[in-house]
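Since the structure comes first, as structure tokens, the remarks are kept for the end.
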Amino acid sequence: MDERDLADNPIAQLHAWLAEAREAVPQADAMTLATADSSSRPSARIVLLRGIDERGLAFFTNRTSRKGDELRENPRAAVVLHWWELGRQVRVEGAIEEVDEAESAAYWSSRPRASQIAAWASPQSQTLATRSDLEARVAEAEQRFDGSEVPLPSSWGGYRLVPESIEFWAHRDNRLHDRIRFVRSHGGWSRERLAP
Ligand SMILES: Cc1cc2nc3c(=O)[nH]c(=O)nc-3n(C[C@H](O)[C@H](O)[C@H](O)COP(=O)(O)O)c2cc1C
């Protein structure tokens with residue numbers, strides 16, 4: 001990977017790599033999301049990248065989940081995308097903001113009904129005594145919304161990771177990989193090469 005092969009804007013570059021990954025890899029949009037609580041204790045899980053533009057990277061979840069609690073306490077995050085088949089990795093770090101309700105509602109309405117019911121039924125990240133408790137909650141939600149659209153729960157919505165740095169990593173032989181990091185500066189982006 002040569003610096004000159006990359007777009008000047010890392011968001012455009014991420015779009016380009018994502019498009020190639022979607023052709024080559026199942027679930028190319030799955031990314032590891034790292035958050036930390038107020039005492040800096042980290043946690044990580046996979047979420048789906050559901051929007052990317054100049055504002056940042058959007059993902060959707062239950063805001064009363066563990067990640068939601070941590071993002072409230074400490075609104076910063078890091079994500080990693082990895083595409084083994086392409087020998088590529090992207091790391092993004094920055095601040096977190098909430099996606100507004102209109103945008104969350106638009107994404108919500110694109111989801112399959114069963115996923116909407118699941119979001120109502122599942123108190124994400126809470127302990128459950130048994131699997132049947134969850135199934136009973138699903139049955140309850142199905143009955144509650146029988147014959148009507150499933151509305152956006154107040155606890156559900158998107159977050160946007162507003163990037164401060166975006167690193168593009170490409171595999172090279174003998175562990176001499178390429179790493180180019182874009183860092184936000186003066187309203188634009190500067191770039192630097194990192195040792196592998
Ligand atoms: C491929 C894949 C995609 C996932 N996408 C999402 C997602 O977009 N949003 C979400 O809330 N959880 C998603 N999950 C589930 C999360 O990994 C996690 O179990 C859940 O959000 C609870 O995390 P938390 O307890 O840390 O808040 C996904 C899991 C996998 C394996």
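All ligand and atom numbering here is 1-based and tracks the order in the structure. Since the model is a prediction, treat every value here as computed from it, not as a measurement.
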Criterion side chain to side chain contact (heavy atoms under 4.5 Å, CB included) against Val79, the qualifying member of Val92, Ile166, Ile46: Val92
If the criterion is any heavy atom closer than 4.0 Å to an atom of ligand 1, which residues make the list? Arg45, Ile46, Val47, Leu48, Phe60, Thr61, Ser65, Arg66, Lys67, Gln124, Ser125
Donor-acceptor pair, distance only, cut-off 3.5 Å: does the side chain of Ser104 make one with the backbone of Gly157? no
Shortest non-hydrogen contact from Met1 to Asp178? N-OD2, 2.7 Å
Against Phe168, only a single residue in Trp83, Trp17, Trp189 fulfils ring-ring contact (aromatic ring centres under 6.0 Å, His included); can you say which? Trp17
Sort out for me which residue in Arg91, Glu192, Glu93 forms a side chain to side chain contact (heavy atoms under 4.5 Å, CB included) with Arg181. Glu192
Trp156 reachable from Phe145 in the ILVMFWY side-chain graph, under 4.5 Å edges: yes
